[in-house]
Amino acid sequence: MSDLKTYFAMPGWAETPSASRAGELAARFPWFLPVHILREVLAGESDPRVALMAPWRAESSLRRASVDVAALTRLSSEEIIDRFLQEEDLRIVADEGESEEEVVLRPELDDDDEVVSEELAEIYLAQGLRDRAVAIYRKLSLLNPEKSVYFAELIGKIENNIKI
């Protein structure tokens with residue numbers, strides 16, 4: 001066994017194992033099955049001694065295909081985005097030289113920034129909230145000047161209690 005350790009300790013063995021070196025080892029130490037498996041792997045030839053001496057060694061770690069670790073740890077852009085979105089703190093920090101305005105991810109609505117739509121005004125009318133409906137139509141008139149005449153007529157009908 002000490003001869004085998006000496007052979008493995010020789011310079012160059014661990015860095016560049018070759019089929020010829022594994023063959024030398026297999027000839028010198030015929031009882032050492034891992035060397036036979038290594039020779040099989042490096043030479044690409046089967047060794048009947050391996051199958052005869054230990055058939056369970058067919059699953060040796062020396063026979064396993066190498067694993068590309070970089071491919072296993074590489075993330076796709078979708079996975080990176082998904083991981084980012086799952087984080088609790090979604091604040092993006094600006095690089096040096098960029099403006100330090102905070103990026104707003106969710107809209108913040110004040111009372112002045114009320115969501116306005118014709119449907120909402122109609123809902124207010126159906127609920128009898130005429131003042132709110134008129135306020136919505138006035139905002140819509142300012143936001144959509146091309147429809148201001150239409151909204152003015154609706155406001156006039158509401159204020160004169162005419163059914164729309």
Side-chain angles (χ1 to χ4, degrees), residues 8 12-19 21-22 33-47 50-51 53-164:
F8 278 127
W13 166 251
E15 293 84 23
T16 56
S18 65
R21 286 187 148 174
L33 195 59
V35 173
H36 290 277
I37 294 172
L38 181 63
R39 188 170 58 99
E40 268 187 348
V41 171
L42 293 174
E45 302 169 355
S46 63
D47 188 346
V50 173
M53 290 172 73
W56 61 86
R57 291 287 188 161
E59 298 172 6
S60 170
S61 62
L62 295 172
R63 290 187 178 176
R64 291 187 189 141
S66 61
V67 176
D68 185 9
V69 176
L72 293 175
T73 57
R74 190 176 313 128
L75 295 175
S76 68
S77 58
E78 290 84 17
E79 292 170 327
I80 293 171
I81 292 169
D82 288 342
R83 281 188 180 180
F84 175 76
L85 292 176
Q86 289 173 356
E87 294 291 323
E88 291 296 321
D89 184 19
L90 296 177
R91 184 162 185 220
I92 300 172
V93 180
D95 291 335
E96 286 186 36
E98 290 186 29
S99 64
E100 293 189 17
E101 291 181 24
E102 185 173 346
V103 177
V104 178
L105 299 176
R106 293 186 189 101
E108 296 175 11
L109 298 176
D110 296 337
D111 292 335
D112 297 336
D113 296 337
E114 181 180 9
V115 177
V116 292
S117 70
E118 289 184 60
E119 291 81 12
L120 182 60
E122 291 171 7
I123 291 170
Y124 283 151
L125 276 177
Q127 294 175 347
L129 303 171
R130 301 166 85 74
D131 294 338
R132 287 194 179 181
V134 168
I136 295 278
Y137 282 130
R138 285 193 177 130
K139 287 181 183 178
L140 285 171
S141 178
L142 293 173
L143 292 172
N144 302 308
E146 67 276 359
K147 293 176 76 177
S148 62
V149 174
Y150 168 72
F151 292 127
E153 288 177 5
L154 289 175
I155 292 169
K157 287 180 181 180
I158 294 170
E159 289 176 344
N160 294 327
N161 291 329
I162 300 173
K163 190 168 184 169
I164 298 175

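Note that this is a predicted model, so its numbers are computed, not measured.
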Is the number of heavy atoms from other residues, nucleotides or ligands within 6.0 Å of CG (D131) greater than 12? no
Can you give me the closest heavy-atom contact between R74 and E79, atom names plus distance? O-OE1, 4.2 Å
Could you walk me through whether I155 and R138 satisfy the side-chain contact (heavy atoms from CB on, under 4.5 Å) test, starting with their C-alpha distance in whole Å, then the side-chain angles of each, then the deciding distance to 0.1 Å, before giving a yes or no? CA-CA 8 Å; I155 292 169; R138 285 193 177 130; 3.5 Å; yes
Any idea which heavy atoms bring I136 and A121 closest together, and the distance? CG2-CB, 3.6 Å
Heavy-atom check, side chain of E159 versus side chain of V134, under 4.5 Å: yes
To the closest 0.5 Å, what do you measure between CZ (R83) and CD (Q86)? 9.0 Å
Rounding to 0.5 Å, atoms OG (S117) and CD1 (I123) come to a distance of 7.0 Å
Nearest atoms (heavy-atom pairs only) where L125 meets A133: CG-CB, 3.7 Å
Decide side-chain contact (heavy atoms from CB on, under 4.5 Å) for I158 and Y137; before the verdict, give the C-alpha distance in whole Å, the side-chain angles of both, and the deciding distance to 0.1 Å. CA-CA 10 Å; I158 294 170; Y137 282 130; 3.7 Å; yes
Side-chain touch N144/F151, heavy atoms, less than 4.5 angstrom: yes
